[in-house]
2 protein chains.
Amino acid sequence: MSEPRWLSQEERSTWLALTGLITKLPGALDSQLTRDAGLSFYEYMVLAMLAESDDGVLRMSALAELTNGSLSRLSHVVQRLERQELVRRETCADDRRATNAILTDAGRTRVESAAPGHVQHARTLVVDAVSAEDLATFGRVGEAILDRVADQRRR
Amino acid sequence: MSEPRWLSQEERSTWLALTGLITKLPGALDSQLTRDAGLSFYEYMVLAMLAESDDGVLRMSALAELTNGSLSRLSHVVQRLERQELVRRETCADDRRATNAILTDAGRTRVESAAPGHVQHARTLVVDAVSAEDLATFGRVGEAILDRVADQRRR
DNA sequence: CCTCTATTGTTTACGGTTCAAGTAATTCTA
DNA sequence: TAGAATTACTTGAACCGTAAACAATAGAGG
């Protein structure tokens with residue numbers, strides 16, 4: 001292999017900022033949520049995506065997609081949420097391979113009580129930390145990166 | 001608590017892009033590195049930071065800082081790297097509480113062979129995915145967020 | 001129909017991370 | 001200068017995520 005194109009100083013510092021983000025931010029989100037609501041960030045996402053769906057029902061595969069998780073991870077997490085009776089599962093009538101995850105009343109109560117603190121934290125750490133314009137650019141770049149990651153995954 | 005300020009549609013999509021990033025990117029980096037070099041991303045970072053230091057020597061606490069990891073995590077990882085003889089440890093002469101992590105020749109060889117592929121992957125997924133200007137903005141925003149996270153941590 | 005393949009999800013085993021506790025050296029304080 | 005507090009790191013246990021194997025259903029092709 002020929003000598004690779006190394007990163008310029010500015011590229012490198014951006015790259016390090018991103019790697020810093022992906023290693024530190026998950027912990028920051030988890031600790032606020034576990035402290036204030038007894039949920040991991042991923043658990044919160046599962047409940048939140050269910051709550052935002054019309055009737056609190058989503059297929060496992062759809063839920064995995066929405067939460068950016070693998071089906072296996074989701075399966076484990078839903079099992080734990082089921083033990084706390086925040087979610088229940090039933091096999092889908094249309095397609096008996098599929099499973100619906102269903103938000104219980106207790107589950108809805110729990111997310112709704114967790115949401116304000118979480119949103120506030122998202123504001124403090126991110127949304128209110130920069131100008132609206134920079135934030136928009138940041139979001140677009142993030143989406144471009146996610147597209148690349150998805151491409152990679154597909155091969 | 002009063003009704004929180006919910007996120008606007010654009011803020012929300014940026015937030016979701018960021019959460020997508022922090023849940024998917026680590027796996028993408030890990031899989032390239034383990035496939036091509038038998039290292040996790042964090043292990044790579046440890047070796048890379050050592051290789052970039054003058055003499056391949058850094059205190060554990062400095063290394064933890066540079067790699068965005070906890071001292072505990074680093075300690076476990078260095079223990080594993082030590083078993084593969086990529087790194088060794090010795091207590092620091094100046095301050096006998098401290099430990100120096102030292103890159104071995106085998107360790108240096110390993111990072112150097114892993115680096116080109118990793119940098120190429122960083123380019124494909126991130127650096128070459130957007131314009132230089134957007135990338136710079138992205139980096140600045142990332143750093144601003146990291147500052148907020150660090151503030152949070154200090155309380 | 002009937003088989004073969006693809007889809008959907010679960011489960012088990014394993015490895016890694018975190019958290020809490022422990023150890024040892026150093027610095028501060030009275 | 002003794003004792004207390006702090007710093008620096010390690011360790012063990014509990015927990016979580018991933019990967020691989022498995023099971024069940026659906027669809028497609030002959």
Side-chain angles (χ1 to χ4, degrees), chain A residues 22-35 38-46 57-84 87-102 149 153-154, chain B residues 19 22-35 38-46 57-84 87-102 153-154:
Chain A
I22 66 178
T23 65
K24 290 185 150 164
L25 197 49
L29 300 184
D30 276 333
S31 68
Q32 182 272 325
L33 275 167
T34 55
R35 174 167 46 79
L39 293 170
S40 72
F41 174 67
Y42 189 75
E43 288 169 340
Y44 174 85
M45 283 290 280
V46 168
V57 179
L58 285 171
R59 284 198 184 186
M60 292 293 282
S61 50
L63 193 48
E65 192 73 24
L66 287 170
T67 57
N68 301 299
S70 68
L71 209 39
S72 172
R73 179 181 192 179
L74 179 64
S75 184
H76 286 296
V77 169
V78 167
Q79 192 179 350
R80 293 195 289 270
L81 293 174
E82 214 170 12
R83 287 201 212 94
Q84 303 178 54
V87 167
R88 59 193 179 77
R89 277 184 284 198
E90 53 190 40
T91 75
C92 180
D94 302 3
D95 182 343
R96 300 180 47 74
R97 292 170 302 181
T99 304
N100 282 327
I102 305 169
V149 172
R153 202 78 191 113
R154 262 194 287 285
Chain B
T19 63
I22 67 177
T23 65
K24 288 184 153 164
L25 198 49
L29 300 184
D30 276 333
S31 66
Q32 182 272 325
L33 275 168
T34 56
R35 174 165 47 76
L39 293 171
S40 72
F41 174 66
Y42 189 75
E43 289 170 338
Y44 174 84
M45 283 291 279
V46 167
V57 180
L58 285 171
R59 283 199 185 184
M60 291 293 283
S61 50
L63 193 48
E65 191 73 24
L66 287 170
T67 57
N68 302 297
S70 68
L71 209 40
S72 173
R73 178 180 192 181
L74 179 64
S75 185
H76 286 296
V77 169
V78 167
Q79 193 180 346
R80 294 194 291 270
L81 293 174
E82 214 169 12
R83 282 202 280 276
Q84 303 177 54
V87 166
R88 59 194 180 76
R89 277 185 283 198
E90 53 190 40
T91 76
C92 181
D94 300 4
D95 183 343
R96 299 177 49 74
R97 291 171 301 183
T99 305
N100 283 327
I102 305 170
R153 202 80 192 111
R154 263 194 286 286

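Residue numbers start from 1 in every chain, and the chains themselves are labelled A, B, ... in the order their sequence lines are given, proteins ahead of strands.
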Is there a donor-acceptor contact under 3.5 Å from the side chain of [X] to the main chain of [Y]?
X	Y	value
A:S75	A:L71	no
B:D30	B:F41	yes
A:E43	A:L81	no

Measure the CE-CG distance between B:M45 and B:L29 for me, rounded to the nearest 0.5 Å.
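Those atoms lie 10.0 Å apart.
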
Donor/acceptor link under 3.5 angstrom from [X] side chain onto base of [N]:
X	N	answer
B:H76	C:dG15	no
A:R97	C:dT7	yes
B:S72	D:dC9	no

Establish, with yes or no, whether the OP1 or OP2 oxygen of [N] is under 4.0 angstrom from a side-chain nitrogen or oxygen of [X].
X	N	result
B:R80	C:dT17	yes
B:S70	C:dT18	yes
B:R89	D:dT10	yes

In whole Å, what is the span from the [atom1] atom of [X] to the [atom2] atom of [N]?
X	N	atom1	atom2	value
B:M60	D:dT7	CE	P	18 Å
A:L74	D:dC16	CG	C1'	14 Å
B:E90	D:dA8	CD	C1'	16 Å
B:F41	C:dG16	CZ	C1'	16 Å
A:Y42	D:dT18	OH	P	9 Å
B:L63	D:dT10	CG	P	11 Å
A:D30	D:dG17	CG	P	8 Å
B:N100	D:dA8	CG	P	13 Å

Nearest-nucleotide check on DNA chain C, A:S31 vs A:S61; residue mapping nearer the 5' end is A:S61

With a sphere of 6.0 Å drawn around CD of B:E65, does it hold more than 12 non-hydrogen atoms of other residues, nucleotides or ligands?
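No, CD of B:E65 has 12 or fewer neighbouring heavy atoms, counting only those of other groups under 6.0 Å.
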
Need one value for A:T99: base, sugar-phosphate or nothing, where a base atom within 4.0 Å counts as base even if backbone is also close, heavy atoms only.
sugar-phosphate

5' priority, DNA chain D, between A:E43 and A:R96 [closest heavy atom]
A:E43

